[in-house]
There are 2 protein chains.
Amino acid sequence: MAAGSHLAVREEEARTVGGVTVADGSRAAILDAAAACFMAKGYAASSIDDVARSLGSTKGRIYHHYPSKGDLFADVFRTGMEANYAAIEPLRDIAGSAVARWRRMAMVHTRQMIVTRPYQRVVWEGVELYLRGATTPEQREEFARLMKYRNDYGAIFRQVIIAAREAGDMRFDDPRVTEQLMFVSLNSPLFWYTPRPGESERDIEMIVAQVVDFTARGLGVRT
Amino acid sequence: MAAGSHLAVREEEARTVGGVTVADGSRAAILDAAAACFMAKGYAASSIDDVARSLGSTKGRIYHHYPSKGDLFADVFRTGMEANYAAIEPLRDIAGSAVARWRRMAMVHTRQMIVTRPYQRVVWEGVELYLRGATTPEQREEFARLMKYRNDYGAIFRQVIIAAREAGDMRFDDPRVTEQLMFVSLNSPLFWYTPRPGESERDIEMIVAQVVDFTARGLGVRT
DNA sequence: AGTTCAACATACTACTCGGTATGTTGTCAA
DNA sequence: TTGACAACATACCGAGTAGTATGTTGAACT
């Protein structure tokens, strides 16, 4: 916001994170480092100095761009969520049955969990931090926005599976519980997937297929 | 271990955590408080003073029983794992098909996640801490034992689902991936379940049933 | 009655970390 | 050429925290 009126234009001015462009190049590098650090050690155990060190810089650089550690964390959170929306959005008004729509959305979502894993783990931890109320009153407001953002994302999936159930293509009981089970299942690569050297896109697609198949069956899709 | 040769016998000498008896009463109270605190704020964000405060005590009490914060955490971890073994063990040599055995094990396991939730969240975080290598060399050894302990527990389930697949009662591809999906699914109440006031055991059983049904279908069990 | 010791509480230290205040440098406009 | 300013680096402070060293007390044992 308030993207500098006439910032000095240099090479490496913009970057993308999971399909979402981040305006400033230096900020994007900080975001990447922060996401990696938060993923590796967790939010509380990660110090600003850790993030700066992984950049070959010092605290000054980070505090020049972000007013606080919490704001840096929130920006990583938001970037991860925006990447999810950007990946899902083209599928919103697609033709076909609800189950078919769900399957394509689920595959894109799961792939996103693998490809932008550091950011998505921050999103996950952010949700937990919010639920635990470990935020200052001011950041509480920002976090509330991010949580609403995230709930809207979940609502998209929920609508689709409810529509699929009404069409007789899915079978489940409580939609709230089922939504939780579905997301935990689709998100699970966050916890057990580790990139292997020399791994092809085929390998990733194999994993995605297994995750989505498991979840689809869990939702009562006939096979 | 080395349960005091002739400790002063007082009232409230022993307690149970999820069916497992903890020798010393005061230690058990510390364990409960630590588990609750670690669940509420996470390991890194929880201070020894926090745990002591929730007990109405001071650090002295905790450091009298535990040499370090990591050892306290490890003890919570081990207690949680022991509760899991104790719950599963009676089902090991039960009659019936592999699927039937799995379903009973899964129900007991999921119920355990709900009933002893603070301890199980510590187990979860402990696994992550170990995988991140955030331990001192000495505690690394203790943690390695605990991880082996945990892997053995997972192996029990893995054997059962492989047997069920060979019997034609389950359908899945890679057992490693499937085991991860299964546990993430069964453990998911750790993240989204919150005890409601005036909640009956029936309500919990309803949740357990939904979780196990979802997972069973995910594993390819016919319904 | 006196000794011992477990089970704590109190007081203190060394260190880390979030945040700030200030210095430095390269670049661009005029 | 020269100010102006963005983009950092450096130096520093205060708060919190893991761990230690030491004091205190009540109960058991002799």
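Protein chains get the first letters and strands the later ones, always in sequence-line order, with residue 1 at the start of each.
A heavy atom lying under 4.0 Å from DNA chain D marks the following residues of residues 57-74 of chain B, by number: B:Lys59, B:Tyr63, B:Ser68, B:Lys69.
Heavy atoms only, all atoms of each residue included: A:Tyr193 and A:Arg117 are closest at O-NH1, 3.2 Å. A:Arg103 and A:Ala216 make their closest contact through NH2-CB, 3.6 Å (heavy atoms, listed as atom of the first residue, atom of the second, distance).
The cationic group of B:Arg27 lies under 6.0 Å from the six-membered ring centre of B:Tyr66 and within 45° of the ring axis, placing it in a cation-pi geometry. For the pair B:Arg158 and B:Phe183, the cation-pi criterion (under 6.0 Å, within 45° of the ring axis) is not fulfilled. Geometrically, B:Arg121 does not engage B:Phe191 in a cation-pi contact, judged by NZ or CZ lying under 6.0 Å from the ring centre and within 45° of the ring axis.
The distance from atom CG of B:Asp49 to atom C1' of D:dG19 is 11 Å, rounded to the nearest whole Å. A straight line from CD of B:Gln139 to C1' of D:dA18 spans 12 Å, rounded to a whole angstrom. Rounded to whole angstrom, the span from the CZ atom of A:Arg53 across to the P atom of C:dC17 amounts to 8 Å. To the nearest angstrom, P of C:dA7 lies 15 Å from CG of B:Leu55. Whole-Å rounding puts the A:Arg27 CZ to D:dA6 P distance at 14 Å.
Using modelled atom types and a 3.5 Å distance limit, the side chains of A:Arg53 and A:Ser47 yield no donor-acceptor pair.
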